> 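Submitted below is the structure of interest, expressed as structure tokens.
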Amino acid sequence: MKMPDIALPDGVDLVSAVDAHSVASILAEKIAGVLADRLREPGRASLAVSGGTTPIAFFELLAEKPLDWSRVDVVLVDERWVPESDPASNAATVRRYLLQGPAASATFWPLWRDGVSPQQGAALADRALASLAWPLTAVVLGLGTDGHTASLFPDAPELYQALDTTRPERVCAMTPPSQAQARVTLTLRALAAAGFRALHIQGGSKAETLRQACENPDDVADMPIRVFLKLGLRVFWSA
Ligand SMILES: O=C(O)[C@H](O)[C@@H](O)[C@H](O)[C@H](O)COP(=O)(O)O
């Protein structure tokens, strides 16, 4: 399958291949390079990653990269409000596939906390993450077929708050009725300034979603990924 012919906006470039493993490998190499560049300077590197299913091969390949992982902070771009024992947990996916091998030395900052509401948890995570090396060194976003990225869902009542970069929060709770669980997400303020922004997507339906997002770039509320297309990012797509 070939990537559909999409008129990508300025600032958006594309790495594509039929084979998902090849794209995951190219992405892992790129992210490792971006982190290594940051680690040549004093201080720490920070990487924000998505959950879901697409990133698994990428995680496994990145985990083996020979970096000074002890100086890398790993954070999720979002989390479903479930314990790590739940199959839907993004933190469980990161621990199982990324925080292995050399990357096991990274510092992981999960977003879910037991015994508190998503709103309370978001406030606690926001305070905890203040000590990270902002702006993020790199972020790897995913895409839902509704145009969401992270947990910036079009039907979330908190979407405008999460997209308002004048607000101080880097983490906020989201309650999109379309989703089985409440979510916690990094806000646009936290994500937009990342040194390197990647969008990792796989398959024809996600390519079609991207095409729709590129066609009408101004309606961000309808497809929140559009805000990142305006900012510029590199798309990594496989069939
Ligand atoms: O918690 C999540 O679901 C993710 O962070 C979300 O933003 C994801 O990237 C997209 O929903 C794509 O998910 P898939 O890769 O599973 O298609």
Side-chain angles (χ1 to χ4, degrees), residues 1 16 20-21 23-24 27-28 31 47-62 74-84 86-98 108-112 118 121-122 125 129 136 138-156 158-159 162-163 170-188 190-192 194 197-213 220 222-229 231 233-239:
M1 172 200 297
S16 69
H21 190 274
V23 169
L27 177 57
I31 295 300
L47 169 63
V49 294
S50 291
T53 54
T54 303
I56 290 173
F58 156 64
F59 284 166
E60 291 179 312
L61 291 162
L62 180 61
V74 175
V75 63
L76 283 160
V77 299
D78 69 338
E79 181 61 279
R80 297 83 178 270
W81 204 249
V82 296
E84 292 191 17
D86 189 303
S89 168
N90 287 338
T93 301
V94 168
R95 290 192 197 276
R96 181 174 176 189
Y97 296 107
L98 178 55
F108 178 45
W109 299 76
L111 297 175
W112 178 83
L129 293 177
L136 295 165
V139 60
V140 182
L141 295 170
L143 178 64
T145 51
D146 59 356
H148 84 262
T149 190
S151 280
L152 303 171
F153 284 89
D155 65 331
E158 307 86 351
L159 180 63
L163 294 179
R170 292 190 179 99
V171 188
C172 74
M174 304 292 275
T175 55
S178 62
Q179 301 303 304
Q181 306 97 1
R183 303 281 189 111
V184 161
T185 191
L186 294 193
T187 61
L188 179 59
L191 295 166
R197 294 181 295 273
L199 174 64
H200 186 198
I201 57 176
Q202 184 175 345
S205 64
K206 298 292 179 74
E208 176 56 23
T209 304
L210 179 63
R211 189 188 60 74
Q212 288 170 17
V220 168
D222 181 47
M223 299 184 85
I225 188 62
R226 287 173 169 150
V227 77
F228 294 95
L229 294 173
L231 287 169
L233 46 66
R234 181 166 300 167
V235 179
F236 294 78
W237 177 83
S238 64

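What you are looking at is a predicted structure, and each value in this text was computed from that prediction instead of being measured. One-based numbering, in listed order, for ligands and for the atoms of each.
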> Short question: side chain of Ser89, backbone of Ala91 - any donor-acceptor pair under 3.5 Å?
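Side chain of Ser89 to backbone of Ala91, a donor-acceptor pair under 3.5 Å: yes, one is there.
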> Among protein heavy atoms, which sits nearest to atom 3 (O) of ligand 1, and what does the distance come to when rounded to 0.1 Å?
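Scanning the protein heavy atoms, the shortest distance from atom 3 (O) of ligand 1 goes to Arg80 NH2, 2.8 Å.
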> Looking only at heavy atoms of Lys206, does any of them come nearer than 4.0 Å to an atom of ligand 1?
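So Lys206 counts as touching ligand 1.
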> Check each atom of ligand 1 against the heavy atoms of Asn90 and keep those under 4.0 Å away; list them by number with element.
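The atoms of ligand 1 under 4.0 Å from a heavy atom of Asn90 are 1 (O), 2 (C).
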> Could you say whether the N/O atoms of Thr53 and ligand 1 ever approach to under 3.5 Å?
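By distance alone, the answer is yes.
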> Looking only at side chains, do Asp78 and Ser151 share a donor and an acceptor under 3.5 Å apart?
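The answer is yes; a qualifying pair exists.
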> State which residues pass side-chain contact (heavy atoms from CB on, under 4.5 Å) with His148; sequence neighbours excluded, sorted by chain then number.
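By the side-chain contact (heavy atoms from CB on, under 4.5 Å) rule, His148 matches Asp146, Phe153, Pro154.
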> Check whether any side-chain N or O of Arg226 sits under 3.5 Å from a backbone N or O of Ala213 as a donor-acceptor pair, and report yes or no.
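Answer holds: yes.
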> Considering only protein heavy atoms, which is closest to atom 9 (O) of ligand 1, and at what distance to one decimal place?
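Answer, as residue, atom name and distance: Gly142 CA, 3.3 Å.
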> Not counting sequence neighbours, which residues clear side chain to side chain donor-acceptor pair (under 3.5 Å) with Glu208? List them please.
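Applying side chain to side chain donor-acceptor pair (under 3.5 Å) to Glu208 gives Arg211, Gln212.
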> Among all protein heavy atoms, pick the one closest to atom 11 (O) of ligand 1 and tell me residue, atom and distance.
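Sorting protein heavy atoms by distance from atom 11 (O) of ligand 1 puts His148 NE2, 2.9 Å first.
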> Which residue supplies the protein heavy atom nearest to atom 15 (O) of ligand 1, what is that atom called, and how far is it?
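Going atom by atom, the protein heavy atom closest to atom 15 (O) of ligand 1 ends up being Thr54 OG1, 2.6 Å.
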> Among Leu163, Leu229, Leu188, find the residue that satisfies the side chain to side chain contact (heavy atoms under 4.5 Å, CB included) test when tested with Val220.
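Exactly one candidate clears the test, Leu163.
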> Check whether any N or O atom of Ser151, backbone or side chain, sits under 3.5 Å from an N or O atom of ligand 1, and answer yes or no.
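Not met; the criterion fails.
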> Looking only at protein heavy atoms, identify the closest one to atom 5 (O) of ligand 1 and say how far it is in Å.
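Scanning the protein heavy atoms, the shortest distance from atom 5 (O) of ligand 1 goes to Asp78 OD1, 2.6 Å.
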> State whether the side chain of Arg197 and the backbone N or O of Ala192 hold a donor-acceptor pair below 3.5 Å, judged by distance alone.
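Side chain of Arg197 to backbone of Ala192, a donor-acceptor pair under 3.5 Å: yes, one is there.
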> Is His200 close enough to touch ligand 1? Criterion: a residue heavy atom under 4.0 Å from a ligand atom.
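No, that is not the case, since the closest heavy atom of the residue is not under 4.0 Å from the ligand.
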> In ligand 1, which numbered atoms sit nearer than 4.0 Å to a non-hydrogen atom of Arg183?
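With Arg183 as reference, the close atoms of ligand 1 come out as 1 (O), 2 (C), 3 (O).
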> How far is atom 7 (O) of ligand 1 from its nearest protein heavy atom, and which residue and atom is that?
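Protein heavy atom with the smallest distance to atom 7 (O) of ligand 1: Ala150 O, 2.8 Å.
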> Is Glu84 paired with Arg95 through a side-chain N to carboxylate O contact shorter than 4.0 Å?
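Between Glu84 and Arg95 there is a salt bridge, with a charged N closer than 4.0 Å to a carboxylate O.
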> Taking the side chain from Thr185 and the backbone from Cys172, do they hold a donor-acceptor pair closer than 3.5 Å?
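Not at all, since once roles are kept as given, no pair shorter than 3.5 Å links the two residues.
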> How far is atom 12 (C) of ligand 1 from the closest protein heavy atom, and which atom is that?
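For atom 12 (C) of ligand 1, the nearest protein heavy atom is Leu143 O, 3.4 Å.
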> Taking 4.0 angstrom as the limit and counting only heavy atoms of Gly52, give me the atoms of ligand 1 inside it, by number and element.
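Contacts of ligand 1 toward Gly52, numbered from 1: 16 (O).
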